[in-house]
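The structure appears right after this line, and notes come after that.
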Amino acid sequence: MDKNANVVIMEHPLIKHKISILRKKETGTNEFRKIVEEIAMLMGYEAMSDLPLEDVEVETPIEKCHTPMIDGKKVAVVPILRAGLGMVSGILALVPAAKIGHIGLYRDETTHEPVEYYCKLPEQIDERLVIVVDPMLATGGSAVAAVDFIKKHGGKNIKFMSIIAAPEGVELLAKTHPDVQLYVGNLDRELNENAYICPGLGDAGDRIFGTK
Ligand code: PRP
Ligand code: URA
């Protein structure tokens, strides 16, 4: 895969360690959910390192001063349903005032193409930093469809966070939407014949929601 300035692969040992726990097939739903949330928070810290700051006046017990703050309302977190929902609380722990959108997509089992079933974004999406979250970036079809939808509704400043990605998905997203900054917890080897990521962690939605 070519090196791409818009793709940031996480190097932090805490993230690597936590991803390894997710991979284990014996990791149960409870722990899986908790760790997805923790990884989302750690990745969100990195993804929001360029959030704009505004000086505001506050009064300390000593005196008044101007001090930098972010406007959390200018951030929108948009999970791709279902599995992306597991990452939302991790981002909200950092930016509690963020707005939340939802993009409902599932992959058709035979074509592996995304099928849309529900989409709702916060108002004034064009004025917000939009952080799209989905633990898995496999073929990239769902990610591209989600970003297409957000752009169609005016979104301009879009970042995408996935915990595990396949080279195929990273390439498709970077080629189709080169303006979208992509944050990846780990870049895995490849997709198998069922478009699952190898070694991956299996079906993220089923593991978060305990549906299999
Ligand atoms: C998974 C995952 C992504 C998508 C990635 O969702 O959470 O949304 O597959 O695959 P792609 O890059 O090939 O499009 P899935 O369709 O299994 O739905 P779910 O989250 O409801 O289980
Ligand atoms: N979706 C998943 O949940 N896992 C994969 O490996 C690929 C797509």
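Start at 1 and go down the list; that is how both ligands and their atoms are numbered. For this chain, numbers begin at 1 and follow the sequence in order.
- Contacts with ligand 1 closer than 4.0 Å are made by no heavy atom of Ala204, backbone or side chain.
- The protein atom (non-hydrogen) at minimum distance from atom 15 (P) of ligand 1 is Arg107 N, 4.2 Å.
- Heavy-atom neighbours of Lys16 NZ from other residues, nucleotides or ligands within 6.0 Å: above the threshold of 12.
- Taking 4.0 Å as the cut-off between side-chain N and carboxylate O, Lys159 and Asp179 do not count as a salt-bridged pair.
- With distances taken over non-hydrogen atoms, the option nearest atom 21 (O) of ligand 1 out of Arg82, Met136, Lys212 is Arg82.
- Scanning the protein heavy atoms around atom 8 (O) of ligand 1, the nearest turns out to be Asp134 OD2, 2.4 Å.
- Residue contacts with ligand 1, taken as heavy atom pairs separated by less than 4.0 Å, involve Thr139 via backbone and side-chain atoms alike.
- Checking atom 2 (C) of ligand 1 against the protein gives a heavy-atom contact under 4.0 Å.
- Enclosure of atom CD in Glu57 by more than 12 non-hydrogen atoms of other residues, nucleotides or ligands within 6.0 angstrom is indicated.
- Residue Pro135 places no heavy atom under 4.0 Å from ligand 2.
- When all heavy atoms are compared, the tightest approach of Gly140 to Leu172 is C-CD2, 3.8 Å.
- Rounding to the nearest 0.5 Å places OG of Ser20 at 12.0 Å from CD1 of Ile15.
- The ligand atoms of ligand 2 that sit less than 4.0 angstrom from a heavy atom of Ala195 are 7 (C).
- Protein heavy atoms are absent from the space less than 4.0 angstrom from atom 6 (O) of ligand 1.
- Protein heavy atom in closest approach to atom 6 (O) of ligand 2: Ile197 N, 2.8 Å.
- Heavy atoms of Arg107 come nearer than 4.0 angstrom to ligand 2 in at least one pair.
- Looking only at heavy atoms of the protein, atom 4 (C) of ligand 1 is closest to Ser142 OG, 3.6 Å.
- In terms of heavy-atom proximity, Val147 sits nearest to Phe160 at CG2-CD1, 4.4 Å.
- In this structure, a donor-acceptor pair under 3.5 Å is present between the side chains of Asp148 and His177.
- When all heavy atoms of Glu38 and Lys18 are compared, the closest pair comes out as OE1-NZ, 2.7 Å.
- Pro135 does not count as a contact of ligand 1, since none of its heavy atoms falls under 4.0 Å from the ligand.
- With respect to Lys151 and Asp126, no salt bridge is recorded, no charged nitrogen being found less than 4.0 Å from a carboxylate O.
- The side-chain heavy atoms of Ile91 and Met41, taken from C-beta on, include no pair separated by under 4.5 Å.
- Proximity of Asp203 to ligand 1, defined as any heavy-atom pair under 4.0 Å, is confined to the side chain (atoms from C-beta onward).
- The single protein non-hydrogen atom nearest to atom 5 (C) of ligand 2 is Tyr196 CD2, 3.4 Å, given as residue, atom name and distance.
- Cation-pi geometry between Arg107 and Tyr196 is satisfied (NZ or CZ under 6.0 Å from the ring centre, within 45° of the ring normal).
- Within the listing of ligand 1, atoms 16 (O) sit less than 4.0 angstrom from a heavy atom of Tyr106.
- Distances below 4.0 Å separate heavy atoms of Gly205 from the following atoms of ligand 1: 22 (O).
- Within the set Gly141, Gly202, Ala204, the minimum heavy-atom distance to atom 4 (N) of ligand 2 is found for Gly202.
- Listed by atom number, the atoms of ligand 2 under 4.0 Å from Ala138 heavy atoms are 7 (C), 8 (C).
- Within a 6.0 Å sphere centred on CD of Glu123, heavy atoms belonging to other residues, nucleotides or ligands number 12 at most.
- Distance from atom 18 (O) of ligand 1 to its nearest protein heavy atom, with residue and atom name: Leu105 O, 4.1 Å.
- Checked by distance only, ligand 1 and Ala83 come closer than 3.5 Å through their nitrogen or oxygen atoms.
- With no hydrogens or angles considered, no side-chain donor-acceptor pair links Asp134 and Ser162 at under 3.5 Å.
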